[in-house]
Every structure is written in structure tokens, then in C-alpha cells.
Amino acid sequence: LAKTTQPISMDSYEGQEVNITCSHNNIATNDYITWYQQFPSQGPRFIIQGYKTKVTNEVASLFIPADRKSSTLSLPRVSLSDTAVYYCLVAYGDTGFQKLVFGTGTRLLVSP
Amino acid sequence: SQTIHQWPATLVQPVGSPLSLECTVEGTSNPNLYWYRQAAGRGLQLLFYSVGIGQISSEVPQNLSASRPQDRQFILSSKKLLLSDSGFYLCAWSGSGQGINTIYFGEGSWLTVV
């Protein structure tokens with residue numbers, strides 16, 4: 001499994017754009033990049049997933065450069081409710097089974 | 001739509017007592033099932049995963065065991081709990097088809113061993 005590296009924590013203010021970058025230097029050809037959000041005492045919630053270039057949904061964007069050795073989760077105009085831990089994961093996508101191993105994630109604190 | 005249910009939500013058990021956490025998935029068939037544990041302020045540790053009935057793989061040696069008696073039922077057990085078993089336990093599922101499959105998590109169970 002590819003190892004991921006993320007900043008331990010980040011601080012922001014309401015209304016700002018937050019970008020969390022994840023490094024995955026040994027990502028394999030068939031690996032996808034997935035981001036999860038976790039609030040205290042809750043299960044992680046799927047945010048976004050991508051393979052290359054840019055993916056956007058209603059809550060976030062995911063930017064993946066051509067070499068795919070890193071990825072950036074972009075949260076536009078964060079609010080207090082975006083305070084959470086964000087996990088970057090690399091999942092093997094060639095078969096139907098994925099054994100996701102979570103790192104310690106990035107703790108995002110949004111202040112007024 | 002698919003849903004995942006996990007219970008109990010909170011549990012306080014004495015050292016040496018047994019444990020049973022249950023998880024069921026609805027709205028899908030032949031899912032891959034997972035048990036994770038999260039210590040306070042830490043990341044999630046994969047404990048067990050299952051690709052089918054009766055097929056259990058363990059990731060770390062420990063005081064726990066898992067079983068899958070039915071296609072969409074996953075049970076985490078212990079015969080004698082240790083203090084170190086305290087933590088937040090999460091059940092999860094993913095599809096079993098070819099290609100990428102997102103993993104979805106239950107709401108979790110807080111276990112405190114006293």
C-alpha cells in the first residue's frame with residue numbers, strides 16, 4: 001500500500017479557502033486517491049475521490065498533478081462546521097477489494 | 001440506498017468480560033466488510049476485513065476476533081477484554097465489484113474497559 005504524508009494540523013478562518021496537500025510518492029498505476037472527513041466520535045465520511053487532473057463535487061475539489069505523487073484537497077469558503085480531521089488515502093483500484101490504511105490525518109481548525 | 005448500522009453506540013465493560021459488537025449492512029449484497037479501531041486522538045487502525053461469509057483476515061495480533069455469519073453481518077468479539085481494548089470501533093463496507101469502490105463507515109461504538 002502506498003504511504004501518505006499530510007500536515008498534522010492546519011488553522012483557517014471562516015470564508016477562506018483551505019488547501020490540504022498529501023504526498024504519496026510511491027503511488028502505483030492503479031491507485032486512486034480518496035479523501036475522508038471525520039468529526040469527533042463519528043465514522044469518517046467520504047468527501048472526494050480522483051485518479052488524475054481535477055475532480056470537483058458539491059463540497060470540495062481535488063487537484064492531482066501529472067506525476068500523481070501528491071494531491072491537494074481544496075475546501076472553498078470554509079465554515080466553522082468544517083473543523084474536522086481530514087484523511088488522504090491511496091487505494092488500489094484494480095480489484096474489487098481495498099484495504100484502506102488510515103494515517104493520522106490533518107486536523108483542520110476553522111475559527112470565526 | 002445502502003445503509004450500515006452498528007451497535008451498541010456506547011459500552012462500558014469491566015476487564016475480563018466478553019465483548020460483542022455487531023454491524024449490519026443493508027441495500028447491497030456481497031459487500032467487503034471491515035472493522036477499524038481508533039484510539040483517542042489517533043488515526044484508524046484496520047483490525048479485520050472480510051470478502052465473504054466465513055472469510056476473515058486479521059491485520060494485527062490482538063485480543064479480538066471477528067466473524068461473518070451472514071453476508072451482511074459482521075461481528076467483533078472478545079472473550080476477555082483488556083484495558084488496552086478501549087477505543088472507538090468502526091465498522092465499514094465497500095462494494096466488491098471490479099474497479100474502485102468507496103468505503104463507507106458506520107457511526108462507531110465507544111468501548112471503555114474499566
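Numbers restart at 1 for each chain; the letters A, B, ... are given by sequence-line order, proteins then strands. It should be emphasised that the depicted structure is a prediction, and the values quoted were computed from it without experimental measurement. We use all heavy atoms of the structure for the numbers below, so side chains are in, but hydrogens, waters and symmetry mates are not.
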Chain A-proximal positions within residues 3-12 of chain B [heavy-atom distance under 4.5 Å]: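 Checking residues 3-12 of chain B against chain A gives no residue, so none.
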Interface residues of residues 85-92 of chain B facing chain A - heavy atom cut-off under 4.5 Å: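 B/Phe88, B/Leu90 fall under the 4.5 Å cut-off.
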Reported CG-to-OG1 distance for the pair A/Leu89 and B/Thr102, which is rounded to 0.5 angstrom: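 Taking CG in A/Leu89 and OG1 in B/Thr102, the distance rounds to 11.0 Å.
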Rounded distance [0.5 Å steps], CD in A/Gln38 versus CZ in B/Phe105: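 A/Gln38 CD to B/Phe105 CZ: 8.0 Å, rounded to 0.5 Å.
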Taking a hydrophobic cluster as the set of Ile, Leu, Val, Met, Phe, Trp and Tyr residues connected by side-chain heavy atoms closer than 4.5 Å, whether directly or through intermediates, do [X] and [Y] fall within one such cluster?
X	Y	answer
B/Val15	B/Leu19	yes
B/Ile53	B/Ile75	no
A/Val55	A/Val59	yes
B/Leu83	B/Leu81	yes
A/Leu73	A/Phe63	no

Main-chain N/O of B/Ile103 paired with A/Tyr36 side-chain donor or acceptor, under 3.5 Å: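 It does hold such a pair.
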Atom group of A/Arg45 that falls short of 4.5 Å from chain B, counting heavy atoms: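 Contact with chain B is absent: no heavy atom of A/Arg45 under 4.5 Å.
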Contacting moiety of A/Tyr51, where chain B heavy atoms sit under 4.5 Å: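 It is neither, since no heavy atom gets under 4.5 Å.
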Which atom of B/Trp110 lies closest to which atom of A/Ser41, heavy atoms considered: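 Between these two residues, the closest heavy atoms are NE1-OG, 2.9 Å.
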Proximity breakdown for B/Gln38 and chain A, heavy-atom pairs closer than 4.5 Å: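 Side chain of B/Gln38 only, per the 4.5 Å heavy-atom cut-off to chain A.
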Whether over 12 other heavy atoms sit under 6.0 Å from A/Ile8 CD1: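 Atom CD1 in A/Ile8 is not crowded, with 12 or fewer foreign heavy atoms closer than 6.0 Å.
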